[in-house]
Amino acid sequence: MKLPASSRTALSVNVNKVALLRNTRHLGIPSVTRAAEICLQAGAQGITIHPRPDERHIRAQDVHDLHALLKAWPQAEFNIEGNPTQNLMKFIRATRPHQATFVPDSEDQFTSDHGWSFPQDTERLKPLVAECRALGVRVSLFMDPIPGQMAAARAVGADRVELYTEPYAAAWGKAEQEHQLQAYASAAQAALDAGLGINAGHDLNRDNLPAFVARVPGLAEVSIGHALIADALELGYAETVRAYQAAIDAGMVARCS
Ligand SMILES: CC(=O)[C@@H](O)[C@H](O)COP(=O)(O)O
Ligand SMILES: NCC(=O)COP(=O)(O)O
């Protein structure tokens, strides 16, 4: 059963790992913009990137090339992730994406593995959130699924939170899965009650996606990269995007049943 786009959790494809492979030679392939274009043509609702300060994968030029590409896709969203106290804000000011996702990563972090903490992070985030919103850029804060943190996330001015989903992904298929789903559902409800929208991401894949979409209320967007690009090495970008959209739809149907 295919659901109307308006009611469906949006899929934003993170193309970090296409850039990672590209960077291993000086040949410009695989193309990051071509990957994004095929994913959009296949029905993805957005593109996400995380231009880390060391440019291990997404480079500054990729940010501008994807910004240019997305001008031809007015229905699609551009989501740029990063630490606003490091290099993120220059990209936000230059491209004014639909969404900025603030992630509290250190410069040498292996990958993202935790969210913001309040009240410790309140004062330094407030002006940065305000600047993004003044530029017309929605702000999403990368957060652990802690209900008690959601009101404070709203208080710094965020529009949404992105729930860090690695703990759920690690528990999927195990006895701990149900406990994790309950934790994420509670955190999402607390965020909704605080007036926040709900995004989610990290280690989501087409196997663990349906149960998460079915159980987490108000899920507006999932941003998925590592597993999706790994699947695309086998299936191709277009078939993979369709498979992930089908996984989202399966979760939405389960939620409604
Ligand atoms: C914020 C998050 O969970 C991921 O989007 C993150 O950007 C992954 O970064 P790497 O692709 O560098 O592991
Ligand atoms: N915000 C999560 C994201 O963009 C991709 O995370 P992952 O699927 O690469 O773990």
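All ligand and atom numbering here is 1-based and tracks the order in the structure. Just so you know, residue 1 is the first one in the sequence shown, and it goes up from there.
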Numbering as shown, the atoms of ligand 1 that approach H57 to under 4.0 Å (heavy-atom distance) = 10 (P), 11 (O), 12 (O)
Once you round to the nearest 0.5 Å, how far does CG of N208 lie from CG of N205?
-> 3.5 Å
Are the side chain of R255 and the backbone N or O of P217 linked by a donor-acceptor pair below 3.5 Å?
-> no
Atom 7 (O) of ligand 1: nearest protein contact (heavy atom, Å) = H50 ND1, 2.6 Å
Qualifying residue, where the test is side chain to side chain contact (heavy atoms under 4.5 Å, CB included) with I58 and the options are N23, I80, N16, T48 = N16
Examine distances only and state if a side-chain atom of N79 and a backbone atom of G46 form a donor-acceptor pair shorter than 3.5 Å.
-> no
Between H50 and H57, how do the two ring planes meet: parallel, tilted or perpendicular, split at 30° and 60°?
-> perpendicular
Looking only at protein heavy atoms, identify the closest one to atom 11 (O) of ligand 1 and say how far it is in Å.
-> N16 ND2, 2.8 Å
Side chain of S223, backbone of N14: donor and acceptor closer than 3.5 Å?
-> no
Can you find a side-chain donor-acceptor pair between Q75 and Q45 that sits under 3.5 Å?
-> no
Mind checking what makes salt bridge (charged side-chain N to carboxylate O under 4.0 Å, His left out) contact with E239, not counting sequence neighbours?
-> none
Residues with a heavy atom under 4.0 Å from ligand 2, by chain and number, are N14, T48, E81, E162, G201, H202, D203, S223, I224, G225, H226
What is the nearest protein non-hydrogen atom to atom 9 (O) of ligand 1, stated with its residue, atom name and distance?
-> R52 NH2, 3.0 Å
Could you tell me if any non-hydrogen atom of K17 lies under 4.0 Å from any atom of ligand 1?
-> yes
Salt bridge (charged side-chain N to carboxylate O under 4.0 Å, His left out): pairs with one or both residues in residues 82-98, sequence neighbours excluded = R93-E131
In the protein, which heavy atom is nearest to atom 13 (O) of ligand 1, and how far is it?
-> T111 OG1, 2.6 Å
Applied to residues 225-236, the salt bridge (charged side-chain N to carboxylate O under 4.0 Å, His left out) test, sequence neighbours excluded, yields R206-D231
What part of T101, side chain, backbone, both or neither, has a heavy atom within less than 4.0 angstrom of ligand 1?
-> neither
Quick one: look up the protein heavy atom nearest atom 5 (O) of ligand 1 and list residue, atom name and how far away it is.
-> E81 OE1, 2.6 Å
Quick one: does ligand 1 sit under 4.0 Å from the side chain of F142, the backbone, both or neither, non-hydrogen atoms only?
-> side chain
Under a heavy-atom criterion of less than 4.0 Å, does E162 contact ligand 1?
-> no
Polar-atom distance check: R56 versus ligand 1, any N or O pair below 3.5 Å?
-> no
Any side-chain heavy-atom pair of F118 and L141 under 4.5 Å | yes
Is the count of non-hydrogen atoms from other residues, nucleotides or ligands lying under 6.0 Å from H67 atom NE2 greater than 12?
-> yes
Nearest non-hydrogen protein atom to atom 3 (O) of ligand 1, with distance, is H202 ND1, 2.6 Å
